[in-house]
Structures are given as C-alpha cells and as structure tokens.
Amino acid sequence: MIKTYLKKLWRWRILIIIALAIMTSIGTTVALAYSQQVVVQASVLNIRKGPGLAYDVSAQVKRGQKLTVISKRNEWYQVRISNNQVGWVASWLVKNTEVSATSYQVARVDSNNTPIYLTNSESSVKMGLLQAGKSVTILYTNGSWYQIKHNDSVAWVKRNAVHVTGTIDASAQTEPQNTQTTTQTATKSSEVVLVKTNNTHLRQQPNSSATVVANLAANTKLTYVKTVNQWYQVKTSTGQTGYVASWVVSLQNKSTNNTTTPKVASNLAESTIVLDAGHGGTDSGALSQSDYYEKTYTLQIAKVVASHLRAAGANVIMTRSSDSTMNLSSRATVSNNQNADAFISIHLDSADSHSGATGITTYYYNKNRDTKLATSLNTQLAGLPLKNRGLEFGNFEVLRDNQRPSVLLELGYINNNSDFSYIRSTAYQTEVASAIVNGLTAYFK
Ligand SMILES: [Zn+2]
C-alpha cells in the first residue's frame with residue numbers, strides 16, 4: 001500500500017520534473033486548477049490565436065465582457081469566448097475577478113476509450129480517448145455535450161459518457177488530487193517575483209479567500225520560494241512570507257536581465273507604457289519664477305497622461321505616483337523589468353534667464369532604438385500651443401540605462417511665465433495627454 005503510493009509519488013515527481021524541463025524551454029503553460037473569469041478592461045480587446053502579440057487576431061471583445069480562463073501562459077490567458085471559440089488575451093488587459101470565480105462541475109468517465117472531440121459533433125476531429133475513472137472538468141454544457149478542459153485547451157465529450165461527481169470551488173481548491181502540484185526547483189529559486197500593481201494582496205494561504213497579511217506596492221520585488229497551484233509563495237525584503245496570485249505578478253530571473261525576446265506591441269491597447277514623472281521627493285527639479293517646483297507639475301501631467309493611456313487600454317506603470325524620491329537608474333530599471341514598449345520621462349525645462357526660452361523638446365538617446373518613438377510623439381506635440389523645438393539627442397541617465405524605446409519630454413519652460421501658465425492649466429495637460437496617446441497610437445501602427 002505504502003509502496004505503491006510511494007511509487008506513484010515518485011512517478012509524479014518525474015513527470016513534474018519533465019514538465020518543468022519542457023516549461024523552462026518553451027515558456028510556462030499552466031493549466032488552471034479551477035476556472036476563473038476575467039473581465040475585459042480595454043475598450044476593445046484582441047483575441048489572438050496564441051499567447052503573444054505575434055499571433056493573428058481571431059476575434060475582438062468589448063470592455064466589460066466576461067471571459068472564462070482555461071489556462072495561463074506567461075502573461076497571457078487562454079479564454080473561452082463562446083461555445084466553440086477559444087483564444088488568447090493579454091493578462092494586463094483584463095481584470096481577474098478573483099473573488100467571484102465561478103465553480104465548475106467535475107465528472108468521471110464511465111468507460112474505457114471514450115472519445116473526445118474538437119467540437120460538439122461526433123463528425124468533428126477526435127482529440128483523444130479517455131479511460132474509465134478519468135476525472136474531467138466541465139466548462140460548459142451544450143445540449144447532449146459537455147465542453148471539458150483538455151490539457152491546456154478544451155474538448156467536447158458526450159454527456160452520457162460521464163457522470164458528475166462534484167464541483168470545483170475557487171477558494172476550496174478541490175480539483176482532482178493530482179493537479180495539486182507543489183513545485184520547488186532550482187530553476188525557480190533564482191527568480192524574483194515582481195508586483196505589477198499597487199495594493200496587490202499578500203495572503204496567508206494560496207487562495208483568494210485567505211487572510212491578507214500585507215498590501216504590496218507596484219514594482220515591489222519578492223523572493224520566490226515555491227509554487228502552489230497558481231500561487232507563488234514569496235518572501236518580502238523584511239522577511240515576511242505569504243502567497244501572491246501568479247496572475248497579478250511576473251516572475252523574473254535574478255541573474256540575467258530579462259533575456260526573453262522583447263515584445264513589440266502592435267497597438268496601444270496591448271502595450272506596456274512606463275511613465276516617469278521627473279524628480280520628486282527631495283529633488284524638486286527646476287523652479288518657476290514664483291518658486292513652484294518642477295516635480296509637482298511633472299507628476300500632475302504624468303497622472304493625466306496615465307489616465308488617458310489607461311482609457312485607451314494601455315498597461316501604464318508609473319515610476320512614481322506620489323511625491324517620493326527616486327534615483328535615476330531605478331527609473332530605467334522599471335522600464336527594463338517591465339519590458340516596456342515605451343518609456344516616457346516627463347520634465348519641464350528651465351533657461352538660464354527667466355523667460356529666456358520657450359517650447360517643447362523631445363529627447364532621445366539611442367538613434368536606432370528611440371527615433372521612431374521620438375518622431376511619432378514629436379509630430380503630435382507639434383500641435384500644442386507651445387513652440388515645438390523638435391528632436392534632440394539627450395545624454396540622460398534614464399534614457400542611457402534604458403533597454404527599451406525611450407524618450408524624455410521637456411514640456412515647456414517652467415521659468416517662463418507664459419509657458420508656466422500653460423503647464424499648470426488642465427487644458428494644456430489634457431492636450432499633452434491626447435498628443436501622447438495619438439503619438440503612441442501612430443507609433444504602434
Ligand atoms: Zn527635469
């Protein structure tokens with residue numbers, strides 16, 4: 001009894017090791033242990049044929065639409081859109097309805113060699129045969145057919161070929177025993193977990209109803225301990241341990257600085273934009289004639305830009321969202337770690353003499369990497385009421401340390417009273433935001 005059990009356990013270990021070996025070579029595919037629903041956040045969301053921007057768009061869905069998650073691969077969710085349609089969506093464009101995760105029925109196969117099909121028809125392609133006693137998760141019922149989870153995809157089985165044995169609950173995690181995989185590997189221990197959004201819950205247990213032990217800020221780095229189902233056990237810099245949902249964070253390799261192929265968004269809604277409000281905290285930046293700080297207005301403008309970009313569906317990460325001190329290299333690090341599609345640093349210029357200069361300048365550092373982005377943005381900024389001073393090479397650390405397409409915008413002279421009256425106005429800030437949205441839209445085309 002014990003021997004067979006150990007044998008089984010050993011066999012599972014081997015399987016897990018093999019699975020991990022495959023995963024690490026081709027990216028991580030995770031079949032979810034339970035069904036989750038996600039809500040579309042972008043106004044229009046592309047459904048793609050595979051987990052990446054390089055795949056063709058097979059359908060589009062609108063904001064507010066709910067999708068059932070079938071599996072997760074890297075930052076992408078495989079979802080069921082309708083009866084027979086399955087596709088992939090970028091996880092940062094949907095909201096995980098963690099708490100309202102639906103429960104699904106589990107069934108057992110009655111007899112050996114039960115066929116499963118591509119669609120709900122016996123004349124469609126056979127995807128395999130299931131053996132008696134095999135447990136399946138039912139995603140959807142249609143007439144005399146069940147749509148079931150099959151590997152990291154879906155398949156159909158005749159309803160009368162299986163019998164329902166229970167339900168899977170998101171919080172209870174009572175999915176068939178064998179999917180309770182706890183993995184601890186040498187590969188993953190060299191990885192860090194990066195928090196993507198503010199107020200990410202650190203929980204006592206690996207499920208969404210467990211007690212929240214801490215709220216983590218965006219860009220917090222955690223030490224990866226192990227994976228339990230779709231949760232990562234992590235350790236904070238203060239030594240606190242807990243669990244974070246894998247779909248709200250990203251795993252990164254500590255030693256290599258993101259050697260994965262840089263992604264290229266094909267539209268604004270699928271892009272990750274890092275906005276950098278210049279200066280902050282003890283660094284006030286330049287001063288207006290009446291001693292107003294540059295740091296105040298760079299943040300104000302960055303926030304307006306962020307809200308416009310988010311409304312357009314972009315995943316926006318701000319290097320700072322309050323009056324905090326942040327060094328230059330860590331601003332570029334945010335861009336590198338997030339694999340940003342564009343990094344935009346927002347500043348206000350200052351001339352040696354008051355009102356000695358006016359206008360907007362677009363700075364780039366790396367001609368090959370940044371010119372297209374700088375040109376796209378500058379073309380739109382030229383429509384603003386302040387003079388357009390055009391593109392300039394700028395040897396700035398936030399651009400120099402950046403590995404991603406990046407620009408630094410000087411959006412007017414703070415010590416020119418005429419420029420400053422624009423800079424501080426809501427109308428101008430909104431125009432800047434629209435120009436950036438339009439510039440990025442053109443950039444990704
Ligand atoms: Zn500045």
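All values below were derived from every heavy atom in this structure, side-chain atoms included, with hydrogens, water molecules and symmetry-related copies excluded. Starting from 1, each residue takes its place in the sequence as its number. All ligand and atom numbering here is 1-based and tracks the order in the structure.
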Pairing donors with acceptors under 3.5 angstrom, does anything connect the side chains of [X] and [Y]?
| X | Y | result |
| --- | --- | --- |
| Arg424 | Thr296 | no |
| Gln289 | Asn415 | no |
| His347 | Glu410 | no |
| Asn416 | His354 | no |

Count, excluding waters, the protein N, O or S atoms that are closer to the Zn ion (ligand 1) than 2.8 Å. 3
Passing candidate, side chain to side chain contact (heavy atoms under 4.5 Å, CB included) with Val213, options His201, Gln240, Gln205: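 One option only clears the test, and that one is Gln240.
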Going by the salt bridge (charged side-chain N to carboxylate O under 4.0 Å, His left out) test, which pairs reach into residues 311-332, not counting sequence neighbours?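 Applying salt bridge (charged side-chain N to carboxylate O under 4.0 Å, His left out) to every pair that reaches into residues 311-332, excluding sequence neighbours, yields Asp276-Arg331, Lys295-Asp323.
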